[in-house]
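First the structure, then my questions, so here it is.
Lettering follows sequence order; numbering is per chain, from 1. All values below were derived from every heavy atom in this structure, side-chain atoms included, with hydrogens, water molecules and symmetry-related copies excluded. For clarity, every value in this text was computed on a predicted model and none was experimentally measured.
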Amino acid sequence: MTNEQIAGMFEQLADLLEIQGANPFRIRAYRSAARTIKSTADSFAALVEQSADLTQFSGIGKDLANQVAEVVTSGTHPKLDELRQEVPSGVVDMLRIPGVGPKKVAVFFKTLNLTTLDELKAAATAGKLSELKGFGKKIEQSILDNIDQAAEAGQRVSISVARPSAEVIVDDLLKLDEVTQASVAGSCRRRKETCGDLDVLVTSSDHGVPMDALADHPLVESVLQRGETKQRVRLSSGIELDLRVVPDESFGAALQYFTGSKEHNVVVRQRAKDRGLKVNEYGVFRDDEQIAGATEEDVYAAVDLPWIPPELRENRGEIQAAESDSLPELLTIEQIKGDLHMHTTASDGAGSILEMAEAAKARGLKYIAITDHSKRVSMANGLDADRLRSHWDDVRQANEQLKGIELLCGVECDILEDATMDLDDDVLSEADWVVAVLHYGLRQPRDQIMKRLMCAVTNPHVNIIGHPTGRLVGRRDGADVHMTELLKAAADNGVMMEINAHPKRLDLDEINAAAARDLGIPIVISTDSHSVNGFDVLEYGVDQARRAGLGKGDVANTRTWAQFRKLLK
DNA sequence: GCCGTTTTCGGCCCGACTGTTTTCAGTCG
């Protein structure tokens, strides 16, 4: 049972309790525990086996600790099963309709006995919803307008899709004479892997101007809401965007507020309260007097904290670090000197060795490793020993020709389903750099997955585990990796860990990357480029590292190759 | 349901927008 699964059960429980009208703070407790479990690197299943004290984790008390133990040992949750009996899953699906929350869902279920989205749609079409007390024609129509999207609603989009749109809109709003400041906020500013929607903030002498400009923007499909200070639109890409217009003296407070995360802000506001202050999106107030708010720095200073980088604002220790003046100096993309994972036409890449090298050099990289696939990946034209040796000859020859960049002979070697390496040790021993990866058999049981990873970690020639879990963001869970065990073995055997920068992978995630760093494992951020444009994704890997709190010293490919190779076993 | 050393009870962040109301509830972020 993975942390994700345990957290998922608590989240379902919270949804069901909400529809039943349970105590909102009890519901919050379940959500908060789910969040803690999801954002912990250690496996709760393993912790239960070791009889560890789970109440050491924030938001998990005696009762929830028992529930976790029960879930892990029995695989089921009696209270959840009971609630599922009482509330059909189709009722929970109704929560995905924008504008429909637990209270309305409860009315649909309890008074009209509607149990699926289809039944709800039929009832709305027949005009039955508007006959309910507290409901009218507008709500009914809004449900009809949105119900077909309910299946897609709530789905998050990749940061690589969301962020470019938001930045174009911010740039265009900044061109308006009436707009003085503008910024992306929300999860996009925190550089999360995915965004549920976009938040954009502007200050303007005239509220109407930026709102009109947004409504007419080529990326915008329709306006969903418009008030005095807030406008919600849908982009043609399907992403929804909130625009907020605030006065200049409130820009910092609004930016802080709308950047979130919610959990981070709760702590900031509690600190304000403890100091007799109130923080809202308009500023920091003592009684009715505004004492801060023009800049984010002022807001944090008002609660006795230094400015905290948005990537860290998740209430995962950054407040304590800020308090003790030990916030990390986060990695920047300019500090990356080499890229150690990429493909060429020798396997499934689109660029030649020289094309990839020139493109890397043009981006300021000083060294790259050519790491084409090994033979098991036949679909990608993976290389056997003979082809690989001949390919390395070409790499060495290219290295002779090129000035200003160093080329390394590498390979992305599969860890086979039977826990052996796809290439023999004598071949691997000739490589400058060996990336070991799982591609096939990701659904194998944990024991076999771990056997395979241990085979790679203990191999004397393997330098790094690439995309360690094999997950695809929002599409496929990774293999059932016992991460704590893997990281410990990697640390013991001098094996590094990759943050694969491709926005579909971002693997390790920020939780596990931080856990690796804590064990002193050098992290390498790699693009896994399959073409000369593939290097573009580096920024997403850097963002992931920043969210993990990594600095220059934690990331090995900030070093020159001469320094880097001293880290190799 | 969690949390805490001023508390083991009584708190738990705050405001905008919408739609349905004649002053507020629900939803959202």
Using the heavy-atom set of chain A and a strict 4.0 Å cut-off, write down the first and last nucleotide of DNA chain B that makes it in, 5' to 3'.
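That gives a stretch of B/dG1 to B/dG29.
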
What's the gap between B/dT5 and B/dG19 when it is taken at their C1' atoms, as a whole Å value?
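It works out to 48 Å between them.
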
Please give the distance between the C1' atoms of B/dG29 and B/dG11 as a whole number of Å.
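Straight-line distance between the two C1' atoms is 23 Å.
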
Pairs meeting criterion ring pair (Phe, Tyr, Trp, His ring centres under 6.0 Å) with involvement of residues 41-65 of chain A, two or more places apart
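Found A/Phe44-A/Phe57.
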
A/Glu297: salt bridge (charged side-chain N to carboxylate O under 4.0 Å, His left out) partners, not counting sequence neighbours:
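Salt bridge (charged side-chain N to carboxylate O under 4.0 Å, His left out) list for A/Glu297, sorted by chain: empty.
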
Proximity to DNA chain B (any heavy atom under 4.0 Å), residues of residues 14-25 of chain A only
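A/Asn23, A/Phe25, in order of number.
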
Give me the residues of residues 277-284 of chain A where at least one heavy atom lies under 4.0 Å from an atom of DNA chain B, by number, or none.
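Correct list: A/Lys278, A/Asn280, A/Glu281, A/Tyr282.
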
Could you pull out all donor-acceptor pairs under 3.5 Å where a side-chain atom in residues 276-284 of chain A meets a protein atom, sequence neighbours excluded?
residue: A/Asn280; atom: OD1; partner: A/Tyr282; partner atom: N; Å: 2.8
residue: A/Asn280; atom: OD1; partner: A/Gly283; partner atom: N; Å: 3.2

On a whole-Å scale, what distance lies between the P atoms belonging to B/dG4 and B/dT18?
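It works out to 40 Å between them.
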
All N/O donor-acceptor pairs, side-chain side in residues 100-111 of chain A, below 3.5 Å, sequence neighbours left out:
residue: A/Lys104; atom: NZ; partner: A/Gly99; partner atom: O; Å: 3.3
residue: A/Thr111; atom: OG1; partner: A/Val107; partner atom: O; Å: 2.6

Sticking with atom P, work out how far B/dG26 lies from B/dT21, rounded to a whole angstrom.
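To the nearest whole Å, 13 Å.
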
Please enumerate all residues that pass side chain to side chain donor-acceptor pair (under 3.5 Å) together with A/Glu86, with sequence neighbours excluded.
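Expected list: A/Gln20.
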
Contacts of A/Asp118 that satisfy salt bridge (charged side-chain N to carboxylate O under 4.0 Å, His left out) - sequence neighbours left out:
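Listed in chain order: nothing, the list is empty.
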
Just call it for A/Lys137: base, sugar-phosphate, or nothing, with non-hydrogen atoms closer than 4.0 Å on any strand.
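Contact class for A/Lys137: sugar-phosphate only.
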
Report which part of the nucleic acid A/Ile60 touches: base, sugar-phosphate, or nothing (heavy-atom distance under 4.0 Å, all strands).
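The residue A/Ile60 makes sugar-phosphate contact but no base contact.
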
Among A/Leu506, A/Val473, A/Val161, find the residue that satisfies the side chain to side chain contact (heavy atoms under 4.5 Å, CB included) test when tested with A/Thr194.
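For A/Thr194, the side chain to side chain contact (heavy atoms under 4.5 Å, CB included) test succeeds with only one of A/Leu506, A/Val473, A/Val161, which is A/Val473.
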
Sorted by first residue and then second, give each salt bridge (charged side-chain N to carboxylate O under 4.0 Å, His left out) pair with at least one member in residues 57-72 of chain A; sequence neighbours left out.
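Passing the test, one end in residues 57-72 of chain A: no pairs.
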
Salt bridge (charged side-chain N to carboxylate O under 4.0 Å, His left out) against A/Lys488, all qualifying residues, sequence neighbours excluded:
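Applying salt bridge (charged side-chain N to carboxylate O under 4.0 Å, His left out) to A/Lys488 gives A/Asp492.
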
Taking the C1' atom in each of B/dC9 and B/dA16, what is the distance between them to the nearest angstrom?
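After rounding to an integer number of Å, I get 33 Å for this pair.
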
Can you list everything that forms a salt bridge (charged side-chain N to carboxylate O under 4.0 Å, His left out) with A/Arg232? Sequence neighbours excluded, please.
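Partners of A/Arg232 by the salt bridge (charged side-chain N to carboxylate O under 4.0 Å, His left out) criterion, ordered by chain and then number, come out as A/Asp197, A/Glu240, A/Asp242.
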
Take atom C1' in B/dC17 and the same atom in B/dC12, then report the distance between them in whole Å.
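Straight-line distance between the two C1' atoms is 25 Å.
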
